[in-house]
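Take a look at the structure set out below.
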Amino acid sequence: MNLQDKLNLYRIQPNEYDRICELLGRAPEGVEWAVFSALWSEHCSYKSSKVHLKKLFSQSERVLQSFGENAGIIDLGRGEKVAFKMESHNHPSFIEPYQGAATGVGGILRDIFTMGARPMALANYLCFGEPKAERMTELVRGVVGGIGGYGNCVGVPTLTGQTNFHESYNGNILVNAMAVGLFQEGDPICLSQATGVGNWVVYVGAKTGRDGVHGASMASESFDEDSESKRPTVQIGDPFYEKLLIESCLEVMKEGLVEAIQDMGAAGLTSSSFEMADKGNVGLTLNLDSVPLRDPTMTPEDILLSESQERMLLICKPEKFADIRAIFEKWGLDACAIGEVIADPVIRLMWRGETLSEMSPKMVVDNAPMYERPYNSWQPPQKTGKVSLSISNASEVLLNILNSVSGGSKEWVYRQYDQRVQSSTARDCSSPVGVSALPSGRALGMVLGCRPHLMRQSPYAGGVDSIVYPALELASKGFEPLAVTDCLNFGNPEKPEVMTEFVSSLAGMNEACAAIQTPIISGNVSFYNETLHKGVTPTPSTGLVGLRENLDNIPDSDLSCDGDIIFLLTFSPSQSTGLAGEMFSQKAQLNYDFDLSGFKSFLDGLRKVTSANCVRSTRVVGNFGLAYTLARMAIAGNRGAKIECDQDYFAEPLYQVVLTVSASQKDQAEQAMNSNSLRWQKIGFVIEEQLQWNDLKVDVAALKENYEGSWRKAFPRFP
């Protein structure tokens, strides 16, 4: 095989090959090609994004672990801590939707319990193409089935999520998974830094197979006509093995038997071993022929690059290995010593007594390329005056929105998920905010963010929105937003226009996080989300967690009691033509009159009001504007409303909250809003049977029929 063929096979650029030769003092040999291919891939090295990620707001007094570990950790006080993270499995899910999505769930769970936390909740952020697009029915069914199939079997509830549809995802769907885990008082936090010369390197979990070989490098390139040929690079998961792995790993960590531990995720044994050694400034000897295999014909390169699921690499003292093996055998899993920690800072790869390679982990990990990709200058959007939509017959338009795949019910999706396992769920996917009960009696809130249609109008404004909108959703239910994880999904970073979208949206996210003191503590970058040179909408999805002091009287999200008073709280005059503008082919307009400096006060004030036990229900005004928000509340509560409000029906304000209180609590609610300096107006009251607002008059039964019938209309072949 000539040099160019090797570069193509291992997806290494000519300039990167020259750098490898310079570092080694010679050309790479044997398995060294595979090591550099994996660890210098975009997926593992973050070579196009690292320079910008270093600027992120990532610290607060609650942050215990941030970037550099498997997941971020925050301190909730009272002996409770949570670990959480979000990651992508976009490319595998497009190639093999069920297994791609399932192993995305498995991988993000391992990031959590590797830290020592027991997984307590899952969430997912999904972007699909148009229902009529090629393979879309298969992709939707497979992805949702994979998420449910893995999460349900492993016994972790799915509490919240977001599902979007747009033509830009026709050839490249997005599947982002988030997991949250809990540390109770006394639970140890375990890190991945290899330590202790003479300690043993131990492989635990399932046996290694050929699935996922070259998976990391596959996830670091765009799709073309040969995407189907990449099926062998998609991993195959077993949730029942994962459940056993959770219990065995948590047991050995709680017993104090582990010095360091790392998930074998992207790039498998290669990334886990090199990264652990690099963090600890030590070396490792690895006997590849000691790795438990499903296929005895596997080569050393196959073993190094396999991304078989449900596997971990840990470091332990030699005298503790017998106890570790006994625990893993009790759970029916392998625990094999495959090497040891050495003082010489090299990774020594052995195969049947022969040394295949000796390389410094720092040379490979710390010297990975870091590109400053070119991007264009950009400016935040400006004030443009009032936004308006030219739409007649508001009642018919509202019904059409509710009957569309974007505005209709997503119940079919979340009905596939077990939302109540572990018995700690207080609010599930039917609520805008997922809520889990903590052992202390407090409530942990989880919500996902990013509205792709706003990203299409302004990546900067969309980046800000991906933080402040979910933060507002948390505050509207009485939760204090604490921290953020993200999954940054973009096209080809080698294109300046894509890097411009990336840089400007990251700037918006960072400014928003700093303004509300909610740090980004973990995450993932997914580039090359494009097919045949057409990229997806830039989509920086986010996951936020928040804390509420109790589970009592969390506001609902419906109109449920006749005579209740309806208020509208408004932060700024910013507006967008939004999803309704896209749906009805209106010219996109964005009036961006948004002062981030005052938003934290608005959040804090809203949180105090919604924690004061005088609020019946709340809902943030979002997609499709105020009329749609009221319709969703009417459907949920089977009640209507009489509205008087001088506002566009379907334009999207940035930012408003609908709030309802009983007539007897009206004065208390008004006093609370005034004392917290919130701008509010009374816009109506709850009535039976019909939503009435000027010329918009629709029966609740018709709203419900169109909303619930939308999924069947979009996917008539689904059961």
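Counting from 1, the numbers follow the sequence of the chain as shown. No hydrogens, no waters, no symmetry mates; every other heavy atom, side chains included, goes into these values.
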With side chains defined as the heavy atoms from C-beta onward, is the minimum distance between [X] and [Y] less than 4.5 Å?
X      : Y      : value
Met455 : Pro540 : yes
Cys190 : Met253 : yes
Arg135 : Phe94  : yes
Ser58  : Ile521 : no
Leu293 : Ile303 : yes
Leu53  : Tyr46  : yes
Leu269 : Val291 : yes
Pro119 : Leu109 : yes

Do [X] side-chain atoms and [Y] backbone N/O form a donor-acceptor pair below 3.5 Å?
X      : Y      : value
Thr103 : Gly106 : no
Lys495 : His533 : yes
Ser308 : Ser306 : no
Asp302 : Thr299 : yes
Gln162 : Cys450 : yes
Thr485 : Met86  : yes
Glu310 : Asp238 : yes
Ser45  : Lys47  : yes
Asn2   : Asp5   : yes
Ser168 : Thr537 : yes

Are [X] and [Y] close enough that a side-chain donor and a side-chain acceptor fall under 3.5 Å?
X      : Y      : value
Ser541 : Asn176 : yes
Ser357 : Glu29  : no
Tyr125 : Thr539 : no
Asn529 : Ser526 : yes
Thr542 : Ser466 : no
His43  : Ser41  : no
Tyr150 : Glu242 : yes
Tyr528 : Asn90  : no

task: Give the intermediate values and the outcome of salt bridge (charged side-chain N to carboxylate O under 4.0 Å, His left out) for residues Arg294 and Asp211.
output: CA-CA 10 Å; Arg294 294 203 305 261; Asp211 48 320; 2.7 Å; yes
Practice item. Mind checking salt bridge (Lys or Arg N to Asp or Glu O under 4.0 Å) for Glu354 and listing every partner two or more places apart, or none if nothing turns up? Key: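 Not a single residue meets the salt bridge (Lys or Arg N to Asp or Glu O under 4.0 Å) criterion with Glu354.
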To check you understand the geometry: which heavy-atom pair defines the closest contact between [X] and [Y], and what is its length?
X      : Y      : result
Val31  : Pro300 : CG1-CB, 4.1 Å
Tyr98  : Gly149 : OH-CA, 3.6 Å
Ala101 : Val143 : CB-O, 3.4 Å
Asn510 : Lys55  : ND2-O, 3.1 Å
Asn199 : Glu259 : ND2-CG, 3.9 Å
Ala177 : Ile108 : O-CG1, 3.6 Å

Can [X] and [Y] be counted as an ion pair, charged N to O under 4.0 angstrom?
X      : Y      : result
Arg348 : Glu340 : no
Arg110 : Glu87  : no
Arg352 : Asp289 : no

Handout entry: Arg19 NZ/CZ over Phe36 ring centroid, <6.0 Å and within 45° of normal
Key =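 The answer is no, since Arg19 fails at least one limit relative to Phe36.
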What is the distance from atom [atom1] of [X] to atom [atom2] of [Y], rounded to the nearest 0.5 Å?
X      : Y      : atom1 : atom2 : answer
Leu174 : Phe128 : CG    : CZ    : 9.5 Å
Met509 : Leu56  : CE    : CG    : 7.0 Å
Ile324 : Leu314 : CD1   : CG    : 5.0 Å
Thr114 : Leu191 : OG1   : CG    : 11.5 Å

Assess the residue pair Glu32 and Arg26 against the criterion (salt bridge (charged side-chain N to carboxylate O under 4.0 Å, His left out)); give the C-alpha distance rounded to whole Å, side-chain angles, the decisive distance to 0.1 Å, and a yes or no. CA-CA 11 Å; Glu32 293 168 349; Arg26 55 175 173 79; 2.8 Å; yes
**Asked** Taking it one step at a time, do Leu506 and Leu488 satisfy side-chain contact (heavy atoms from CB on, under 4.5 Å)?
**Response** CA-CA 9 Å; Leu506 210 62; Leu488 309 176; 3.6 Å; yes
Neighbour count >12 (heavy atoms, 6.0 Å) for atom [atom1], [X]:
X      : atom1 : result
Glu134 : CD    : no
Tyr241 : OH    : no
Lys317 : NZ    : no

### For Phe502, the option from Phe490, Tyr375, Trp378 that meets ring-ring contact (aromatic ring centres under 6.0 Å, His included)
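By the ring-ring contact (aromatic ring centres under 6.0 Å, His included) criterion, Phe502 pairs with just one of Phe490, Tyr375, Trp378: Phe490.
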Could you walk me through whether Arg373 and Ser48 pass the side chain to side chain donor-acceptor pair (under 3.5 Å) test, one step at a time?
CA-CA 7 Å; Arg373 305 281 192 192; Ser48 297; 2.9 Å; yes
Quiz item: Does the side chain to side chain donor-acceptor pair (under 3.5 Å) test come out yes or no for Glu69 and Ser192, once each step is laid out?
Solution: CA-CA 7 Å; Glu69 279 296 336; Ser192 57; 3.1 Å; yes
_Could you walk me through whether Met178 and Leu122 satisfy the side-chain contact (heavy atoms from CB on, under 4.5 Å) test, starting with their C-alpha distance in whole Å, then the side-chain angles of each, then the deciding distance to 0.1 Å, before giving a yes or no?_
CA-CA 6 Å; Met178 175 181 171; Leu122 288 164; over 6 Å; no
Can you check side chain to side chain donor-acceptor pair (under 3.5 Å) on Thr208 and Tyr203, steps first, answer last?
CA-CA 10 Å; Thr208 293; Tyr203 171 115; 2.8 Å; yes
So, for Tyr17 and Trp33, is the gap between ring centers shorter than 6.0 Å?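 Centroid distance Tyr17-Trp33: below 6.0 Å, so yes.
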* To do: Using the side chain to side chain donor-acceptor pair (under 3.5 Å) rule, take Asn524 and Asp486 through it: C-alpha gap first, then chi angles, then the decisive distance, then the call.
  => CA-CA 6 Å; Asn524 173 236; Asp486 63 36; over 6 Å; no
Ring pair (Phe, Tyr, Trp, His ring centres under 6.0 Å) pairs touching residues 262-291, sequence neighbours excluded, are none
